[in-house]
Protein chains: 2
Amino acid sequence: MIEVGDEAALCCPSLTSAPLDEGAATSLSGVLGALADPVRLRLLSIVASHQEVCSCDLEAPLGKSQPTISHHTKVLAEAGLLVSEKRGRWVWWRVDESRLAEVRRALGG
Amino acid sequence: MIEVGDEAALCCPSLTSAPLDEGAATSLSGVLGALADPVRLRLLSIVASHQEVCSCDLEAPLGKSQPTISHHTKVLAEAGLLVSEKRGRWVWWRVDESRLAEVRRALGG
DNA sequence: CCATCGCATTGACATATGTCGATACGTAAG
DNA sequence: CTTACGTATCGACATATGTCAATGCGATGG
């Protein structure tokens with residue numbers, strides 16, 4: 001199972017170098033919106049520090065229901081920040097580090 | 001006039017190094033939420049590329065009403081990303097680069 | 001085949017957010 | 001003082017978002 005992000009590449013303009021056009025601003029705000037939630041940030045940090053994590057191991061540390069976890073992983077995957085792999089009946093998640101790096105760079109890194 | 005951010009320092013933990021605790025996640029999500037809007041991103045990029053910008057010069061390029069601009073500058077200022085200075089009846093804005101750098105670092109920079 | 005398990009989707013709900021017109025506030029100019 | 005101007009706040013509205021119970025779907029195991 002491969003989630004396909006619906007966000008365009010953030011590659012080119014840095015926030016601090018030149019005024020963002022509307023398209024770039026919208027696409028960057030999409031990724032930032034995916035990050036702008038405490039539960040998703042903690043989810044992302046948990047996955048990042050374990051390399052790979054199964055969905056089933058996220059409910060307990062985050063204190064949220066299974067549908068809520070599923071919703072948040074979907075949001076992060078659509079933003080290109082999480083990548084999923086289905087093994088048997090489990091779904092494993094890992095962080096797309098390059099995507100995170102793109103975000104940092106778009107923020108003027 | 002000095003806007004005081006209501007967000008705590010983001011200094012310490014990086015997203016990718018260890019699981020974020022709830023407080024860190026909430027405070028980081030606050031700043032990211034301020035960034036997660038196309039109008040605010042463009043606003044920020046305009047201020048950044050002009051060093052300083054008057055509120056009155058933001059309505060036209062952003063195509064938003066004066067109350068809306070005022071709202072967005074307030075959100076960015078409360079997030080610590082914009083700093084204001086009142087001169088006569090005009091308010092001038094500049095970007096707090098160090099705050100942006102904090103965000104990048106919190107994102108694993 | 002049937003029961004079970006992990007995950008996704010749906011529907012509903014409360015809350016948060018972006019937007020603008022109307023209005024209030026402060027400062028500057030006459 | 002009065003007027004005009006730039007900005008902030010308020011009230012209202014439509015839309016977006018986070019959450020969960022209920023349910024659907026696929027794969028596994030008996």
Ion pair B:E102/B:R105, N-O distance below 4.0 Å: no
A:V91, nearest nucleotide to its side chain (from C:dA8, C:dG18, D:dA8): C:dA8
Interatomic spacing from CG in B:L107 to CG in A:L32 - rounded to 0.5 Å: 8.0 Å
Shortest non-hydrogen contact from B:C56 toward B:W90: SG-CD1, 3.7 Å
Value in whole Å for how far the [atom2] atom of [N] lies from [atom1] of [X]:
X	N	atom1	atom2	value
B:K74	C:dT17	NZ	C1'	14 Å
B:W90	D:dA4	CH2	P	16 Å
A:W92	C:dG6	CH2	C1'	13 Å
A:L58	D:dG18	CG	C1'	17 Å

For B:R40, salt bridge (charged side-chain N to carboxylate O under 4.0 Å, His left out) partners two or more places apart: none
Flag if over 12 foreign heavy atoms under 6.0 Å of CD, B:E22: no
DNA chain C-proximal residues of residues 37-57 of chain B, any heavy atom under 4.0 Å: B:D37, B:V39, B:R40
For nucleotides 20-26 of chain D, list the nitrogen or oxygen atoms of the protein found under 3.5 Å from its nitrogen or oxygen atoms, one pair per line.
{"from": "D:dC20", "atom 1": "OP2", "to": "A:S65", "atom 2": "N", "distance (Å)": "3.1"}
{"from": "D:dC20", "atom 1": "OP2", "to": "A:S65", "atom 2": "OG", "distance (Å)": "3.1"}
{"from": "D:dC20", "atom 1": "OP2", "to": "A:T68", "atom 2": "OG1", "distance (Å)": "2.6"}

